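Since the structure comes first, as structure tokens, the remarks are kept for the end.
Every chain is numbered from 1, with letters handed out A, B, ... down the list of sequences. These numbers were taken from a predicted model, which means no experiment stands behind them.
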There are 4 protein chains.
Amino acid sequence: MKQSPRVLGRPRHDENAKPTKDIVLETATRLFIKEGYKNVSMDDVAKACNVTKATIYYYYPTKGELYTSALIAMMDRIKLSILQILEQSKPFKERLEQLVEIHLSATIDIDMKNFMKEAAINLSEDQLSQVHASENRMYQTIERAMEMEMDKGTIRKGNSTFFAHTFMALMSVGYFKDGDGNRLFQTEAIAAKEIVEFFWLSVQV
Amino acid sequence: MKQSPRVLGRPRHDENAKPTKDIVLETATRLFIKEGYKNVSMDDVAKACNVTKATIYYYYPTKGELYTSALIAMMDRIKLSILQILEQSKPFKERLEQLVEIHLSATIDIDMKNFMKEAAINLSEDQLSQVHASENRMYQTIERAMEMEMDKGTIRKGNSTFFAHTFMALMSVGYFKDGDGNRLFQTEAIAAKEIVEFFWLSVQV
Amino acid sequence: MKQSPRVLGRPRHDENAKPTKDIVLETATRLFIKEGYKNVSMDDVAKACNVTKATIYYYYPTKGELYTSALIAMMDRIKLSILQILEQSKPFKERLEQLVEIHLSATIDIDMKNFMKEAAINLSEDQLSQVHASENRMYQTIERAMEMEMDKGTIRKGNSTFFAHTFMALMSVGYFKDGDGNRLFQTEAIAAKEIVEFFWLSVQV
Amino acid sequence: MKQSPRVLGRPRHDENAKPTKDIVLETATRLFIKEGYKNVSMDDVAKACNVTKATIYYYYPTKGELYTSALIAMMDRIKLSILQILEQSKPFKERLEQLVEIHLSATIDIDMKNFMKEAAINLSEDQLSQVHASENRMYQTIERAMEMEMDKGTIRKGNSTFFAHTFMALMSVGYFKDGDGNRLFQTEAIAAKEIVEFFWLSVQV
DNA sequence: TATGAATGAGCATTCATTCAT
DNA sequence: TATGAATGAATGCTCATTCAT
């Protein structure tokens with residue numbers, strides 16, 4: 001399929017069009033999540049954005065930088081979504097269920113461990129530490145919520161970091177598909193209920 | 001430059017080395033686990049084996065085939081190790097603790113999800129289904145043990161597949177390292193105890 | 001990051017900077033001399049000038065044109081400096097010594113042959129002939145001085161073009177650095193004396 | 001023009017065919033001399049050799065390495081040719097004339113300074129020092145000849161390194177072409193005579 | 001006068017794979 | 001059984017140049 005041909009030089013400006021830089025970041029994020037760092041080429045990103053590779057490089061000086069930006073943007077978005085959900089006034093257990101359900105419903109499998117491994121292998125030390133900082137901020141959002149509930153007596157006292165990680169690990173079970181592509185539970189709602197119930201049994205007072 | 005590693009014990013026949021095919025598979029497995037499919041080239045494998053690329057191709061017709069074989073061999077080995085540990089006559093909880101401790105002690109982070117994702121992206125349908133079958137065999141080993149303990153009344157009745165996956169997911173929490181490279185727990189033994197305790201609270205009768 | 005360099009003296013009008021076009025040419029000249037045509041990108045020039053690439057193109061339509069202008073400006077400046085030195089009333093030999101010393105003292109190695117080769121490879125025919133003309137003017141300045149001294153009987157009669165080229169070639173010996181970065185002579189003054197002495201032995205009556 | 005298509009895999013071996021590695025080096029040397037480091041792409045070399053780029057990389061791991069090898073091979077060849085000429089039993093002046101004539105007759109302009117500058121800009125420190133060593137060996141061949149003639153009393157006592165460099169610099173005058181492509185002298189033989197005569201006037205006892 | 005945004009072609013390098021020996 | 005020599009396609013990245021503003 002032929003791409004719509006583009007003209008040289010600065011394109012005429014179109015109001016209500018998203019800035020190219022944002023399009024690139026969003027597209028790249030989507031591709032990286034689906035296929036991983038090494039399976040996405042800068043050309044792939046460019047084609048998916050309907051611009052040329054050089055345009056990508058105009059905004060992101062290296063592939064590593066683009067990946068770094070994509071990861072950070074993604075983690076910050078997740079952090080925000082976690083925050084919004086956990087800040088509600090519903091019972092904690094219900095908030096957790098909503099959190100799991102929403103994340104399982106996002107078609108893409110957000111696998112933090114995987115991202116961090118690819119980051120560790122492919123990024124520079126500096127880029128990696130930025131990504132680590134972002135990962136930290138994300139986990140801390142959950143940790144703080146856990147600590148608040150411990151104080152309120154909703155859940156038992158314990159290592160909040162450990163709780164945050166076990167929660168995220170359990171959530172990832174909901175993504176599992178067997179060889180035939182079937183998930184463990186029929187709907188995300190059921191998966192969410194079961195997963196949180198499992199978590200709850202371990203953390204209740 | 002690395003020299004070819006020699007094996008201990010009485011060498012077979014009058015030769016003093018493992019069959020090349022085995023060396024290749026072991027080396028490749030190690031590299032794939034550490035760096036992932038795309039970050040390991042056939043040349044890397046060849047160099048690490050002290051043979052030429054063509055030799056690798058003599059035994060494994062494509063890189064995908066080599067990865068498939070490596071994954072299957074790895075999962076089968078893990079399955080065996082799980083089996084040996086779970087077959088003992090110790091209390092179930094202690095066996096689980098030993099299982100976690102042993103896997104956390106193996107320096108390499110065995111991240112199943114990651115392997116399966118790389119497999120899904122890079123392997124042919126046929127290769128992928130072989131890998132899935134192998135993954136299944138591995139999980140089923142744990143499932144069967146869970147079912148036996150349910151029957152014995154050691155743990156509560158529940159979805160054994162779900163239990164197997166939650167258990168593996170929780171185990172992976174033990175691998176987590178923060179930005180400074182610090183783990184959540186000081187020793188593997190402590191990590192194992194805490195992780196199994198967390199699991200146990202959810203599955204006890 | 002480098003800041004835009006400011007010039008000494010009274011600024012023209014109420015602005016305090018040299019015209020951009022001149023800054024570009026001077027900066028480009030410096031870079032081309034140090035690194036050669038292909039090793040200097042338009043972006044390099046732009047960055048070194050603290051303006052954007054598009055600004056460079058506003059004044060110089062192509063890189064070739066910029067190189068042409070830079071070479072011509074440089075050769076004209078050298079021609080002028082040669083003229084000023086040779087026009088003095090000191091003995092010819094002393095003037096030659098001063099000429100050599102001054103050029104060796106300019107930190108940068110002015111290698112005509114090199115510039116002309118890069119010009120021949122990278123410039124258009126028209127640009128190249130402009131550069132050749134400029135080179136000619138430069139050599140002719142020396143040739144004419146040689147002819148005057150032949151007439152005066154200071155040096156022997158001979159092919160003045162040949163003399164001009166041998167003189168410049170001998171001068172370039174003063175730039176030579178060995179592998180450790182050491183020059184053949186300790187100071188430019190000594191180098192100048194030795195080089196002119198060598199030349200003089202060949203051209204004296 | 002289409003290239004003769006090549007087949008995959010190892011080509012059938014042909015006796016009396018030069019090894020590919022040698023063809024690559026010779027071709028690359030020729031191209032680098034004519035056009036300089038940056039103006040010759042690995043693809044250019046490949047096409048000129050009628051092989052693919054990957055073949056070039058099979059023998060030379062980087063472009064810098066290829067350039068290094070090419071320069072060293074060239075300088076060693078020149079050193080040898082100098083040696084052979086200077087070792088003859090003819091009068092020294094005649095040997096020098098032959099040396100100049102032979103080098104001017106080789107169509108390509110061997111410009112050491114140029115090569116060394118490109119090397120300095122583009123090569124790694126290690127590669128550069130190899131090239132410097134080779135350059136040294138070449139100059140030393142001339143220096144030693146100069147020293148022998150000083151001892152014999154054929155030429156005056158002086159700094160042999162300086163003499164070697166002035167000699168090479170004067171030789172390069174013979175390559176000069178003006179804007180119309182005309183050389184200073186009508187034949188290489190005449191050029192050689194004039195150049196050596198100029199040198200001789202400075203070094204004679 | 002000066003810039004920001006974009007292109008298209010090229011470049012060094014890598015890599016899975018092939019094949020005669 | 002194992003290798004040496006070669007390919008073709010991709011990949012990350014650079015660069016001269018263009019054009020609307």
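- Place A:Lys63 and D:Thr20 on DNA chain F by their nearest nucleotides, and D:Thr20 ends up nearer the 5' end.
- Within the 4.0 Å cut-off from OP1 or OP2 of E:dA6, not a single side-chain nitrogen or oxygen of A:Thr55 is found.
- Comparing atom distances between the B:Tyr57 side chain and each of E:dT17, F:dT7, E:dT3 picks out E:dT17 as nearest.
- Seen from the ring of A:Tyr37, A:Lys63 counts as a face-on cation partner, given the 6.0 Å and 45° thresholds.
- In this structure, the CD atom of B:Glu35 is 16 Å from the C1' atom of E:dC15, given to the nearest Å.
- Regarding D:Leu123, its CG atom lies at a distance of 14 Å from the P atom of E:dA12, rounded to whole Å.
- Set against E:dT7, F:dG4, E:dG4, the side chain of B:Ala54 has F:dG4 as its closest nucleotide.
- With A:Asp44 contributing its side chain and A:Val40 its backbone, the two residues share no donor-acceptor pair below 3.5 Å.
- Across the protein-nucleic acid pair, D:Tyr58 atom OH and E:dT18 atom C1' stand 13 Å apart, rounded to whole Å.
- Using modelled atom types, one side-chain atom of D:Gln127 and one backbone atom of D:Ser124 make a donor-acceptor pair closer than 3.5 Å.
- Checking F:dT21 for Watson-Crick or G-U wobble geometry (two distances, each under 3.5 Å) identifies E:dA2 as its partner.
- Side-chain atoms of D:Lys53 stay outside donor-acceptor range of the base of F:dT7, with no qualifying N/O pair under 3.5 Å.
- Using a 4.5 Å heavy-atom threshold, the side chains of B:Asp22 and B:Leu25 count as separate.
- The phosphate of F:dA16 has neither OP1 nor OP2 within less than 4.0 Å of any side-chain N or O from C:Thr62.
- Remark: P of F:dA16 and OH of C:Tyr67 are 14 Å apart, rounded to the nearest angstrom.
- Within the 4.0 angstrom heavy-atom criterion, only backbone atoms of the sugar-phosphate kind lie near A:Tyr59; the bases stay farther away.
- Between C:Val51 and D:Asn39, the one whose closest nucleotide on DNA chain E sits nearer the 5' end is C:Val51.
- In this structure, the side chains of C:Met74 and C:Phe115 come closer than 4.5 Å at one or more pairs of heavy atoms.
- Mapping C:Ile56 and B:Tyr37 onto DNA chain E via the closest heavy atom, the residue that lands nearer the 5' end is C:Ile56.
- Counting to the nearest Å, the P atom of E:dA12 and the NZ atom of D:Lys47 are 11 Å from each other.
- Rounding to whole angstrom units, CG of residue C:Leu31 and P of F:dA16 are separated by 12 Å.
- Nucleic acid contact class of C:Val40 (heavy atoms, under 4.0 Å, all strands): sugar-phosphate only.
- The interatomic distance linking A:Gln127 (CD) with F:dG12 (C1') rounds to 14 Å, in whole Å.
- Comparing C:Ser41 and B:Lys21 along DNA chain F, the residue whose closest nucleotide (by nearest heavy atom) sits nearer the 5' end is B:Lys21.
- Summarising the base pairing, E:dG10 is matched to F:dC13 through a Watson-Crick or G-U wobble pair whose two defining distances lie under 3.5 Å.
- With contacts defined as side-chain heavy-atom distances shorter than 4.5 Å, the pair C:Asn122/C:Tyr67 does not qualify.
- In this structure, CG of B:Asp43 is placed 13 Å from C1' of F:dA5, rounded to the nearest angstrom.
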